[in-house]
Amino acid sequence: EGRVSALREWMGVMQHHDAVTGTEKQHVANDYALKLYKSVDKCRQVVAEGLNKLMVKQPQLWEGSPLVVDRLFCENLNVSACPVTESDDSLAVTIYNPMGRTVSHTVRLPVVNKVFTVLDPLGKSVSSTIVPIPAPVLAIPGRQSKARDELVFEAVVPPVGFATYFVRQNSPQSVPIEPIVRKIT
Amino acid sequence: ASFSAKANSFDVMFDKTGQMTAIRLPGGQSVAVDQSFEYYRSLPGNNTAPQFRASGAYVFRPDGPSKPYNNTDSEAPTLVQSPGLTEIHRRVNEYISQVIRVAADIDYIELDYVCGPIPVLTDGVGKEIIIRFDTNLTTNGVLYTDSNGRQLLKRERNRRPTWDMTVTEAQSGNYYPINTRLAIRDERQGLQFTVLNDRAQGGASLTDGAVELMVHRRTLYDDRFGVNEPLNETGVDGQGLVIRGQLRLLLSSVEMAAEQHRELAQRWYMEPMVTFAKYGGTPEEYL
């Protein structure tokens, strides 16, 4: 309750017309962003625990602790940056679908390597591709990332449930599917 | 067209410079679509008369019609092709770029843009950047917006439903808040062109067959409505804010349009959440 209420209350504050329309002063906008970040962060712990409970077994989510969530979510995917997916480790990518029907979702993960195998929840290989991140995105101020490409694959996620896809880097079974990249002249 | 990309229910045609030119439906019907970035110069106003305020946080007031960007950037667009996915990466100028994404298994065109920092210091002019789509649909001055957050409302250019309006500012007088989507229809052809956005923006249809969305603003004067600051966020490096956003474009029959854009908007709003965990051993062990 304590961890969820902060976001609920700050969302209430942000029903104020200045926050809705963007007519607040800049230092207020900065404060809104900070409060949202902090309250969303608290909710992530709840989401992580919720996912743990939904899973049959309790995996170690990150660095040995089921409650360490700081790096479980990537906050900079909007600038194609993510320290988790840019690491060399094999990852279990768990995708939660809040909709009441099955959805097909295009997953785009910033990556450093180019050779991957993506497996679906049944362990079957999934078609994936590597697509370059556009140069202007790489140059966005404040973006701290080594990723130059994105791994793209389609995930099918059941209604109000989750699916776990496995991303393995440089595995012997991996066959890189590189796109054709050419300048239009 | 120089080349085309296949989406699930239509083909997208591009010219030899990578510019989108048309969308072709399965029945052979084609709609010309010209997409461009343009900008409005913000009116500085003089803030002495109540009706001559600057363009700012509360009001959008351009100093005349939008201006196209002269494409002075010599960098050629990049075409990226993978099985089932086509992307065109294009730099519009030194501070605007875009990716057009067409995938064989989806029913819409994705437009990913990066804009900023908007240069204002060299010429001392605030600028308000728009994305415009010019189509050859006959729309009779009508635009549909979701301004009340529930239904698509019919907006007629230079007209209000409950009083006689004299429009004195051609752009501002026809701009509407766009929360999730706007659409234009050609009743004769039975086609609807819908643009969904990922954040609330301003939008309009200032000429027949055209829609525009304002994606970024940077103004230098306060509009004296209360905020007491110009809209001039400087960003992390003090140079100005860089934003990245996305639009999704749908072209379908009027009958099918509501089903498509409502489903897509809901799916976008309730997009799946992606989380990560390291694992050792095999996927089977993890499972």
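Naming: A, B, ... by sequence-line order, numbering from 1 per chain.
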Got a second to check how far [X]'s [atom1] is from [Y]'s [atom2], nearest 0.5 Å?
| X | Y | atom1 | atom2 | value |
| --- | --- | --- | --- | --- |
| A:I180 | B:S82 | CD1 | OG | 8.0 Å |
| B:T78 | A:R182 | OG1 | CZ | 10.5 Å |
| B:E284 | A:L119 | CD | CG | 7.5 Å |
| A:R101 | B:R267 | CZ | CZ | 7.5 Å |
| A:T23 | B:Y58 | OG1 | OH | 4.0 Å |

As an exercise: rank [options] by heavy-atom pairs under 4.5 Å with chain B and give me the winner.
| options | result |
| --- | --- |
| A:V131, A:L122, A:V152 | A:V131 |
| A:T94, A:V20, A:V157 | A:T94 |
| A:A155, A:P132, A:G142 | A:P132 |
| A:G22, A:S80, A:A139, A:A29 | A:S80 |
| A:N78, A:N97, A:T164, A:V103 | A:N78 |

Chain A contact via [X] - side chain, backbone, both or neither, heavy atoms under 4.5 Å:
| X | result |
| --- | --- |
| B:Q81 | both |
| B:E263 | both |
| B:Q98 | neither |
| B:P177 | neither |
| B:R217 | neither |
| B:Q266 | both |

- Note on the structure: Note: vs chain A, highest number of non-hydrogen pairs under 4.5 angstrom among B:T275, B:V227, B:L85, B:V80 is B:T275
- Taking B:I96, B:L241, B:N232, B:N228 one by one, which has the highest count of heavy-atom pairs under 4.5 Å against chain A? B:N228
- Listed by residue number, which members of residues 104-112 of chain A have a heavy atom under 4.5 Å from any heavy atom of chain B? A:H105, A:R108, A:L109
- Which atom pair, heavy atoms only, marks the closest approach of A:P98 to B:E271? CD-O, 4.2 Å
- Exercise: identify the closest heavy-atom pair between B:F276 and A:V84: CB-CG1, 3.6 Å
Answer yes or no: are there more than 12 heavy-atom neighbours, outside [X] itself, under 6.0 Å from its atom [atom1]?
| X | atom1 | value |
| --- | --- | --- |
| A:K25 | NZ | yes |
| B:Y269 | OH | no |
| A:Q15 | CD | yes |

- Checking A:V47 against chain B: side chain, backbone, both or neither under 4.5 Å from a heavy atom? side chain
- Message: Counting only non-hydrogen atoms closer than 4.5 Å, does A:E24 touch chain B with its backbone (N, CA, C, O), its side chain (CB onward), both, or neither?
- Response: backbone
Side-chain contact test, heavy atoms from C-beta onward, threshold under 4.5 Å: evaluate it for [X] versus [Y] and give yes or no.
| X | Y | value |
| --- | --- | --- |
| A:P134 | B:V114 | no |
| B:R244 | A:V137 | yes |
| B:V242 | A:P141 | yes |
| B:L79 | A:V181 | no |

- Query: Judged by modelled atom types alone, do A:Q26 and B:E233 share a side-chain donor-acceptor pair under 3.5 Å?
  - Reply: yes
- Message: Determine whether B:M273 and A:F162 satisfy the following criterion, side chain to side chain contact (heavy atoms under 4.5 Å, CB included), listing intermediate values before the conclusion.
- Response: CA-CA 9 Å; B:M273 182 195 301; A:F162 67 90; over 6 Å; no
